[in-house]
Amino acid sequence: MIITIHDDFNLQRIIDSGQCFRPVKIPDGRYRFITGKHLLHIQELGDGRYEVDCSRWNWKHTWKPYFDLNASYAAIRRSIPDSDTYLTWAAEYSQGIRILRQDPWEMLITFIISQRKSIPAIRSAVEMLCEKAGTLCEEGGENFYTFPRPGELARLSEEDLRECSLGYRAPYIYQTVKRVCREKIHLSQWNSLPDETLMEKLLEFPGVGIKVANCTALFGFHRISRAPIDVWIERVIREHYGGRNPFVLYPETAGIMQQYMFYYIRNER
DNA sequence: GATCAGGTTTGCA
DNA sequence: TGCAAACCTGAT
């Protein structure tokens with residue numbers, strides 16, 4: 001099926017923007033995304049046209065929301081004042097990045113894993129976890145593993161987790177999984193909480209500090225006002241904003257501005 | 001072999 | 001309240 005997208009949309013930049021770790025570009029030039037039990041191949045054809053291998057229904061109800069295609073990122077870019085020269089450059093350079101609407105549980109576990117790991121190491125660990133505990137699915141003749149639900153992860157011992165190269169994060173994951181199962185926590189039910197309450201609850205999990213909680217809120221709960229500050233953004237603030245937090249200017253869209261800066265500082269030159 | 005990678009926790013001023 | 005040091009592991 002052919003679909004048309006008129007707004008900012010760049011698949012390579014989306015998968016390189018550090019918000020997701022399972023999507024890949026496959027050798028034939030298509031991009032492969034996984035969400036829940038769904039698999040999608042998508043290929044750019046030019047002029048905003050894309051070939052996707054899903055039904056019209058699935059596009060409308062699964063993938064269009066996943067890519068956040070009901071929002072205008074072009075309008076968000078245009079809202080940046082010329083006076084913010086660094087962000088203006090960053091957003092221009094990063095045009096096409098969108099904040100995917102990913103699963104909260106997957107984001108929580110993934111960003112606990114992410115601490116002090118390189119992006120390739122995160123990808124590898126997450127994939128091992130999926131193969132070890134996820135469900136084997138098939139769609140369009142291709143097999144893939146889902147990201148394991150809490151009940152599936154609960155079958156793993158701490159030693160099983162360590163075998164996924166999780167190192168000292170293994171007990172964090174182990175305890176988080178145990179708590180979610182014991183207290184029957186459904187993260188998707190936290191969708192209605194205000195940002196501050198959501199943050200407080202995320203911070204209660206072991207191995208979750210401010211940075212991981214913000215990433216989970218931004219990428220798993222689509223709280224686009226949350227801007228995670230990592231070593232790269234710290235560098236931006238230090239070197240380009242004289243140590244002053246630049247996100248106070250963008251209370252509604254700080255998370256998106258953060259993505260532009262993050263992608264820019266990591267890829268320029 | 002040392003250092004670093006999208007941090008968090010712990011312990012001690 | 002603030003600041004190091006320690007922590008698994010793979011890559012450079």
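All chains are named by letter (A, B, ...) in the order of the sequence lines, taking the proteins before the strands, and each is independently numbered beginning at 1. Just so it is clear, the structure is predicted and the values come from calculations on it, not from any experiment.
Using a 4.0 Å heavy-atom criterion, one finds that A/Pro206 contacts the sugar-phosphate atoms exclusively. Here A/Glu163 lies out of heavy-atom contact (under 4.0 Å) with every strand. As judged by a 4.0 angstrom heavy-atom cut-off over every strand, A/Ile233 is placed among residues making no nucleic acid contact. At the heavy-atom level, A/Thr110 lies nowhere under 4.0 Å from the strands shown. Nucleic acid contact for A/Phe262: base, since at least one base atom lies under 4.0 Å from a heavy atom of the residue. Among the atoms of the strands shown, base atoms are found under 4.0 Å from some heavy atom of A/Arg169.
With no hydrogens or angles considered, a side-chain donor-acceptor pair links A/Ser157 and A/Asp160 at under 3.5 Å. A/Gln95 and A/Tyr73 share no side-chain donor-acceptor pair at under 3.5 Å. For the residue pair A/Tyr250 and A/Asp84, a side-chain donor N or O sits within less than 3.5 Å of a side-chain acceptor on the partner.
Between A/Glu234 atom CD and B/dA5 atom P there is a gap of 11 Å when expressed in whole angstrom units. When the C1' atom of C/dG10 is taken as reference, atom CD1 of A/Ile113 falls 15 Å away, rounded to whole Å.
With B/dG7, B/dA5, C/dT9 as the candidates, the nucleotide lying closest to the side chain of A/Val231 is B/dG7. When distances run from any side-chain atom of A/Lys211 to the nucleotides B/dT8, C/dC8, B/dA5, the shortest one goes to B/dT8.
Within the cation-pi definition used here (under 6.0 Å to the ring centroid, within 45° of the axis), A/Arg179 qualifies as a partner of A/Phe205.
The main-chain N or O of A/Thr197 is never found under 3.5 Å from a side-chain atom of A/Trp190 such that the two would form a donor-acceptor pair. A donor-acceptor contact shorter than 3.5 Å links the side chain of A/Gln19 to the backbone of A/Leu100.
Between A/Val208 and A/Trp232, the one whose closest nucleotide on DNA chain B sits nearer the 5' end is A/Trp232. Nearest-nucleotide assignment on DNA chain C puts the 5′-proximal partner with A/Lys117, out of A/Pro120 and A/Lys117. Of the residues near DNA chain B, A/Ile119 and A/Gly207, the one whose nearest nucleotide (by heavy atom distance) lies more toward the 5' end is A/Ile119.
For the P atom pair drawn from C/dC8 and B/dG11, the interatomic distance equals 14 Å after rounding to whole Å.
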Applying the Watson-Crick and G-U criteria (both distances under 3.5 angstrom) with [ ] for crossing and | for other-strand pairs, one obtains for DNA chain B .||||.|||||||
Ring pair (Phe, Tyr, Trp, His ring centres under 6.0 Å) assessment of A/Phe33 paired with A/Phe144 | CA-CA 11 Å; A/Phe33 287 82; A/Phe144 64 98; over 10 Å; no
Apply ring pair (Phe, Tyr, Trp, His ring centres under 6.0 Å) to the pair A/Tyr86 and A/Trp89, showing each step before the final yes or no.
-> CA-CA 5 Å; A/Tyr86 185 80; A/Trp89 276 104; 9.7 Å; no
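In this structure, A/Ser165 reaches the C/dG10 phosphate: one of its side-chain N or O atoms is under 4.0 Å from OP1 or OP2.
Residues A/Gln259 and A/Ser94 fail the side-chain proximity criterion, which asks for heavy atoms closer than 4.5 Å.
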Enumerate the protein-to-nucleotides 1-7 of chain C contacts in which both atoms are nitrogen or oxygen and the separation is below 3.5 Å.
none

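A/Arg226 and A/Ala217 get closest at one heavy-atom pair: CG-CB, 3.9 Å.
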